[in-house]
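These numbers were taken from a predicted model, which means no experiment stands behind them. We use all heavy atoms of the structure for the numbers below, so side chains are in, but hydrogens, waters and symmetry mates are not.
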Amino acid sequence: MTLTIPELGMSRLRKAAEAAEEATGLRAEIIRGVLMMSPTPRGKHAGIINELFRQLDPALPDHLESYQVASVSLPDDKDDYATPDLLVCDAGFGESDEWLADPGDVELVCEVVSKGNSSKDTTEMVGWYADAGIPAYLLVDPRDGTWTLYTVPREGAYQGVLHGLYGEDIELPALGVKISTGGFTRYA
């Protein structure tokens, strides 16, 4: 296995994240200064992400696109970054050589709760995305067939919280999109 030399000017933690990701194949993130590693999603997890992508991408306004496996930084801290399952941001990101989306260009992040690492998605990331100023955070939970939409970030917390069940549509009025959840799968 050959490791590449991380970019010059990166912090030790960023260098460690890059090396760990390359060596293990796991997804690395730095959340509030802590290196977190996540395995590749299970089939049902990946299937929900694909379904979200299929519904979101064609319905978005022309200036926005949805991206899988793209990272977003915490404002003013390029070492602290998250890689949501799906994000919607300015379409120009797809033409960029940057690896981190500017949080000011991101309109929505989506996470599907992992079977084994649920506290990260359901607690830690809610505050992180609010701190980053992401206007909407959609959390889909295949453990119990529910979803939660967080909106209006202010002072590290989302002011709007809407809970729903599989089978109930998710309205994203800021994007002009409605997501059908009837086809989402649940973990066994």
Side-chain angles (χ1 to χ4, degrees), residues 27 29 38 41-75 81-96 98-114 118 120-187:
R27 182 171 67 181
E29 299 173 288
S38 303
R42 297 168 189 258
K44 288 180 180 177
H45 183 138
I48 293 169
I49 297 163
N50 284 343
E51 182 61 28
L52 283 166
F53 181 85
R54 279 193 293 272
Q55 290 187 49
L56 275 170
D57 206 54
L60 291 172
D62 289 342
H63 72 283
L64 297 173
E65 284 191 37
S66 51
Y67 298 93
Q68 297 181 47
V69 196
S71 300
V72 60
S73 66
L74 195 61
Y81 67 95
T83 307
D85 291 321
L86 184 74
L87 67 79
V88 172
C89 72
D90 185 275
F93 179 69
E95 301 296 320
S96 168
E98 297 295 321
W99 75 278
L100 287 172
D102 183 314
D105 292 340
V106 177
E107 296 295 327
L108 169 72
V109 292
C110 303
E111 294 276 11
V112 176
V113 176
S114 299
S118 61
K120 175 183 167 268
D121 295 330
T122 59
T123 56
E124 295 170 40
M125 296 314 297
V126 177
W128 194 96
Y129 288 128
D131 278 343
I134 307 298
Y137 172 34
L138 175 61
L139 181 66
V140 177
D141 194 339
R143 298 172 306 162
D144 59 6
T146 61
W147 54 265
T148 304
L149 178 63
Y150 297 93
T151 57
V152 191
R154 187 178 321 128
E155 298 176 14
Y158 281 105
Q159 307 306 301
V161 181
L162 180 63
H163 300 285
L165 301 171
Y166 280 15
E168 298 172 350
D169 290 344
I170 303 167
E171 299 274 348
L172 301 169
L175 300 176
V177 176
K178 182 191 302 183
I179 297 172
S180 171
T181 64
F184 289 179
T185 56
R186 291 180 67 169
Y187 296 140

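Of the possible donor and acceptor atoms, none in the side chain of D85 sits under 3.5 Å from a partner among the backbone N and O of I49. Under the 3.5 Å distance criterion, the side-chain polar atoms of Q159 are matched with a main-chain donor or acceptor of A157. Checked by atom type and distance alone, the side chain of Y137 never pairs as donor or acceptor with a backbone atom of A130 at under 3.5 Å.
The shortest heavy-atom contact between P142 and I48 is CG-CD1, 3.6 Å. A pairwise comparison of heavy atoms in A70 and T83 identifies O-CG2, 3.6 Å as the closest pair. Closest non-hydrogen pair, D90 versus Y67, comes out as O-OH, 4.0 Å. Minimum heavy-atom separation, G156 to D131: CA-OD1, 2.9 Å. A132 and P75 make their closest contact through CA-CD, 3.5 Å (heavy atoms, listed as atom of the first residue, atom of the second, distance).
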- Task: Evaluate side-chain contact (heavy atoms from CB on, under 4.5 Å) for I179 paired with L138, printing each intermediate quantity in order.
- Result: CA-CA 11 Å; I179 297 172; L138 175 61; 4.1 Å; yes
- Does the pair L149 and Y158 meet the rule for a side-chain contact (heavy atoms from CB on, under 4.5 Å), with working shown? CA-CA 10 Å; L149 178 63; Y158 281 105; over 6 Å; no
- Worked verdict on V140 versus C110 for side-chain contact (heavy atoms from CB on, under 4.5 Å): CA-CA 8 Å; V140 177; C110 303; over 6 Å; no
- Task: Take L108 and L56, measure what side-chain contact (heavy atoms from CB on, under 4.5 Å) needs, and give me the verdict at the end.
- Result: CA-CA 11 Å; L108 169 72; L56 275 170; 4.0 Å; yes
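Checked against the 6.0 Å centroid threshold, F184 and W147 do not count as a close aromatic pair. Ring pair Y150/Y129: centre-to-centre distance not below 6.0 Å.
One distance of note links CG of D105 with CD1 of I134; it measures 9.5 Å at 0.5 Å rounding. Rounding to the nearest 0.5 Å gives a distance of 12.0 Å between OG of S71 and CD of E98. A distance of 8.5 Å separates OG of S66 from CG of L87, quoted to the nearest 0.5 Å. Remark: E111 CD to H45 NE2 distance equals 7.0 Å, nearest 0.5 Å.
Under the 4.5 Å side-chain criterion, counting only non-hydrogen atoms from C-beta, K44 is in contact with Y187. Residues W128 and V72 meet the side-chain proximity criterion, which asks for heavy atoms closer than 4.5 Å.
Not counting sequence neighbours, the partners of E51 by the side-chain hydrogen bond (donor to acceptor under 3.5 Å, both in side chains) test are R54, Q55. By the side-chain contact (heavy atoms from CB on, under 4.5 Å) test, D144 pairs with D141, T146, R186, sequence neighbours left out.
Residue pairs meeting the side chain to side chain donor-acceptor pair (under 3.5 Å) criterion with at least one member in residues 172-185, sequence neighbours excluded, do not occur.
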